[in-house]
Amino acid sequence: MPELSSAIKKEPTVSSGKGLKETLAGAVPVGTGNAGTAAAKPGPNRLDAIAKGQYVEPEVHKTVAGENFVLEVEQFNLWYGERQALFDINIGVPAGKVTAMIGPSGCGKSTLLRCVNRMNDLIDIVRIQGTMRLNGDSIYDRRVDVIELRKRMGMVFQKPNPFPMSIFENVVYPLRIDGERNKAVLEEVCERSLRGAALWEEVKDRLHQNALGLSGGQQQRLCIARAIAAEPEVLLLDEPCSALDPIATGKVEDLIQEIKGEYSILIVTHNMQQASRISDYTMFMYLGRMIEYGPTAEIFTRPHLSETNAYVTGRFG
Amino acid sequence: MTALVSPLTEKEHKTPARKHRRRGSPAANIIARGEPMVWLTGGALALCMIMIIGLLTLVFIQGSATFWPTPIIRAHLLDDSIRQGEVVRREEFELTRDMTKNLSGETQRAALAQMEDRESIAAERMLVRVGNFELTNTHYEYVYPFEIRPDGLTHPEWAMTVERMEWGRFFGTPTRFVVKHVRDLPQAEQELKDLLEFFETNAYRIPTGQEEAVQAALTKIGDDYQKIRQKNSALFLTQHPSAEGMQIVIVNDGGEPKEYSTETPADAIDEIWHVWSDPASAYAAYEVYHQPVRNRRAEITSLEKHQLGEINSRIEEGRLALRQIEMAHRVNLIAPSDEAEYARLQWSDENERLANMQAALSQWTGHLGVTSPLVIAARQILTELRAVADDQYTAWESQQNQLREQVNALPPDAAFALDSMQEILEGAHYETQSVMTKIDELKQENARYEFHLLTAQKEEIALPLAEIVRAFPANKVGYFDRVRIYLSRWHEFLVDNPRESNSEGGVFPAIWGTMVMTVLMSLAVVPFGVLAALYLREYAKKGLVLSAIRISINNLAGVPSIVFGVFGLGFFCYIIGASLDELFFSAKLPNPTFGKGGLIWASFTLALLTLPVVIVATEEALSAVPNSMREGSYACGASKWQTIRRIVLPRALPGIMTGAILAMARGAGEVAPLMLVGAVKLAPELPVDQLYPFFHGERSFMHLGFHIYDLGFQSQNSEAAKPMVFTTTLLLIVMITLLNVSAIWLRGRLRNRFRVSQF
């Protein structure tokens, strides 16, 4: 594979001048599939309308707009080859908070998450359109160094993926690839990250053993430790507990609660209880569109849209 | 729930039995239960195993039996001839009436009697290794049962098997073991002898008119010489007394050796022989003296190989430097320089001889007085000889001056090359002389020992002890001695050079060549293959070109190996090697240095041959690395190369090792291409030695696989070579197994590091 970032065909963004908050207040429809058949008709049957490819106005709660955003997404569209997977996403991820993305399988949550640190560059057929900004710096600008960009974010994947090396080397991997050789610095970072991931007490005596010898839950917390070792601006969690048993899940959730003040966290989850337990804001997505976005308590107890209500209460999805 | 049931489902409910009933013949039933497939697959496996195990067993049994010492038989035949040797095998054959027509007299009658009135009968014959090639002109003879006399088949008690450096095996019974003691001349006797010899050789130079006086003086000195000789001989006899079971034989004055007793006159003894002449004591003496003699022989070989080899390579170097000057300035230097140097050395040898004579002359003057006619004559003779030597010197000088003039016209490096060449030649001359003296001394020492054996045909043969590799009374040795001989033969096989056109001796150069070539090949193929696979799997854009390249690589694995050999010869030897020769070794041309088959070219050719194996295995190993690991690394901000180096490669290493092991196994067993690019029948010079630059990749080498081919199909003594084919095959299989096992062990250790835990 040649360098992927250059292979991606970026199309010019439509609304680059506008601030995100204005966009959130009244989004402009862009790139709808077959706009000719029917006008946008926000009504009781939004899901059918979406399925037909019609534009549906996303519902963003007023509280969200008052937050300070670490990550801003504007008019974001994404195609896998000919198939469009994300439609006109306009969101802001509040700094220092936990933001959860929920929605049925294939709704584009993971895709959106992977767009944030440009992991989708690795896939040849992906094509995007729109803007993303991390603390005001464009992510998809032509001049952006993808490698430097990824160093500003940490990511944890669905399945624990520790590297085939020692626990210590796993944690300090982001520093190693930056060429850090100072042993004192590495050890300090290792301890801080492992403490941050609530794993220090369990592994401090076997730091130089193979990380693949850890249990699944420990491995996932190790991955979190690795993700926070470089002190990222945003932590991206892609269903971090889906491969773990309930006890390990509990530990990871506690961990997220503990570190949320320090880091801005964007988490994808299938588990609605989890979303309600750990997140401050929740975003409901469906078929590549953002449907409703608001404070978690409101989304789960008194959502503005009946579809959201149906989903969070388990009537569909 | 009922609402969900569609009309179609209801319809199905009416006829459930029909839908699920199984119909068909009993045969179909059996197939359905799958047991025939178990038999078929299991049977295929069993067949494969039988063939593989059968082959291995055959190789193992035949190969390991080669070195077992077998007893010696002696067959006394009806026509009064005798066959003595080892029975190699017994085989059935069909004896027909036609065959008996060629037989003679009694043998024919015996054969016919055995046939009675049938046209043909099945009979058994023995193949006997009779050895003694220099006497019989054959190594093997068939012995037919009907041609043996009644009670003619015996196992002679003292029959010995003798393995020799040349002429193959010897079978015979020991008669004598001889140790010769040559008398050293004391100084006084030596001086007289020198004096007499001097006048004998220079008789024609004795000045006219002095002949009679000189002759008279010489007769007197001759008498003195005889007296002193007799006295010394008597002393010599007391110094080498007889011992238990030993005879004394003396050689008088260069005459025939004769047995010594107190009555025989013991004047002028040159040599005393100690002789053990019954089989038991002769064999005992052999066992005492054999090892030291062998050690001296090994020393001679080592002197010849290392010291003389080193001197020769130095001369070669000087000659090459001179040759470069010759080529640069289009002059002729080497031949005149050699001639001049030769003339000078001749003169200097003559000069030295004269100096020695001068010294002897002053001795004689001391003994005989200045007025002795001998001294006067000798002085005149010496002056004459000096004049001859001076002529030689002048001849050399003019040659040298001519050469100098020629060289001085050239740039200074020519003079330098000439000087160093002459210096080298001079040094080499004296060093060679001293080495040769050492070798001669060792050879003389070894020549003192002889082992006499009597063949079955009653012919006594004296075998020089240095020529005997191993000798043992085959019918007397016990089980443990047999094991000892067996092991010693294996040891020889593993560490020695081959002899007798590879059918005897060891295969050490071949083992060495195989090992080094395999290692070099692996060193060449693994990095290349891994890099290529990395590009294909990690960097290349998927598409038509990539598929085409993949298909080509896979096809490359199916190309006959001889084609690679032809390519290696054409490309590596004749294009790359010849270019190297032009650039760096032009002085040696037209003799090729790299422009012919050699170790490195063979390694590169096999590397090319095994490249597809490595690429395919590496690609598979790389694609088996989970993408989640790559993504995890990218997410940490690693670049592509960092991800490959730190995550992908370590994780894929066991798989890459598997590829390397497969490549190694294939390469080590390959023969056909090697015949074209450097494997030869005999190359005792290893590609690594003590001569700079220590590794000589351009040299030809021996290879076990090629050795097997050579033994099996090119050997002149095919019966003797046959068991060696099996033994060499066994060795090759064991070697490849060892190589593989060690590589697998290494891979196992690596794999443990990347063991994936279960959760």
Side-chain angles (χ1 to χ4, degrees), chain A residues 1-4 7 114 116-119 121-124 145-166 169-179 210-220 223 226-227 229-230 232 236 238 243-245 248, chain B residues 531-547 549-550 619 621-657 747-759:
Chain A
M1 282 179 268
E3 194 47 61
L4 285 166
R114 290 165 60 90
V116 175
N117 68 350
R118 292 184 59 172
M119 286 306 271
D121 287 11
L122 300 176
I123 303 164
D124 280 337
D145 181 353
V146 186
I147 292 185
E148 287 307 315
L149 176 81
R150 286 187 188 138
K151 284 176 183 163
R152 296 169 64 185
M153 307 181 210
M155 185 165 186
V156 177
F157 295 82
Q158 197 169 351
K159 247 181 85 181
N161 58 351
F163 301 139
M165 43 178 96
S166 71
E169 287 299 326
N170 258 284
V171 177
V172 301
Y173 184 78
L175 280 75
R176 282 266 188 232
I177 56 178
D178 272 348
N210 197 323
L212 297 173
L214 295 174
S215 75
Q218 287 172 327
Q219 286 188 0
Q220 194 62 305
C223 291
R226 187 174 71 199
L236 309 169
D238 188 0
L244 303 184
D245 65 37
Chain B
L531 288 179
L534 268 180
Y535 187 83
L536 284 178
R537 178 60 59 180
E538 302 286 332
Y539 291 102
K541 201 175 166 74
K542 285 180 188 62
L544 210 61
V545 180
L546 188 67
S547 309
I549 289 175
R550 281 226 173 88
E619 268 211 83
L622 290 177
S623 63
V625 176
N627 253 331
S628 67
M629 285 210 179
R630 289 194 182 85
E631 284 183 346
S633 174
Y634 291 135
C636 287
S639 67
K640 184 138 200 149
W641 173 241
Q642 282 172 326
T643 303
I644 290 173
R645 196 173 71 81
R646 290 173 180 268
I647 308 294
V648 177
L649 272 186
R651 174 69 197 234
L653 204 54
I656 296 172
M657 288 284 294
R747 183 184 61 184
R749 288 197 44 168
L750 286 174
R751 190 175 276 165
N752 277 343
R753 278 179 52 200
F754 308 121
R755 172 180 35 91
V756 182
S757 71
Q758 300 293 315
F759 56 85

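FYI, side chains are in, hydrogens and waters are out, and symmetry mates aren't considered; it's all heavy atoms of this structure. By convention in this document, chain letters (A, B, ...) are assigned in the order of the sequence lines, proteins followed by strands, and residues within each chain are numbered from 1.
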Which atoms of A:Pro162 approach chain B - backbone, side chain, both or neither, heavy atom under 4.5 Å: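 For A:Pro162, the contact with chain B is made by the backbone alone.
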- prompt: Where does A:Arg176 contact chain B at under 4.5 Å (heavy atoms): side chain, backbone, both or neither?
  reply: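 Both backbone and side chain of A:Arg176 come within 4.5 Å of chain B.
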field: Atom group of B:Arg646 that falls short of 4.5 Å from chain A, counting heavy atoms
entry: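 Both the backbone and the side chain of B:Arg646 come within 4.5 Å of chain A.
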Reported [atom1]-to-[atom2] distance for the pair [X] and [Y], which is rounded to 0.5 angstrom:
X        : Y        : atom1 : atom2 : result
A:Leu212 : B:Arg651 : CG    : CZ    : 7.0 Å
A:Leu122 : B:Lys640 : CG    : NZ    : 7.0 Å
A:Met155 : B:Cys636 : CE    : SG    : 11.0 Å
B:Gln642 : A:Asp178 : CD    : CG    : 7.5 Å
B:Met629 : A:Lys159 : CE    : NZ    : 9.0 Å

- request: For A:Tyr173 and B:Thr643, work out which heavy atoms get closest and say how close.
  value: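 Result for this residue pair: OH-CA, 4.1 Å.
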message: I need the minimum non-hydrogen distance between A:Asn161 and B:Ser628, along with the two atoms involved.
response: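 What the structure gives for the nearest pair is ND2-O, 2.7 Å.
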- request: State, with a plain yes or no, whether a side-chain heavy atom of B:Tyr634 is found less than 4.5 Å away from one of A:Asp121.
  value: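 In short, these two side chains do not touch, never coming nearer than 4.5 Å.
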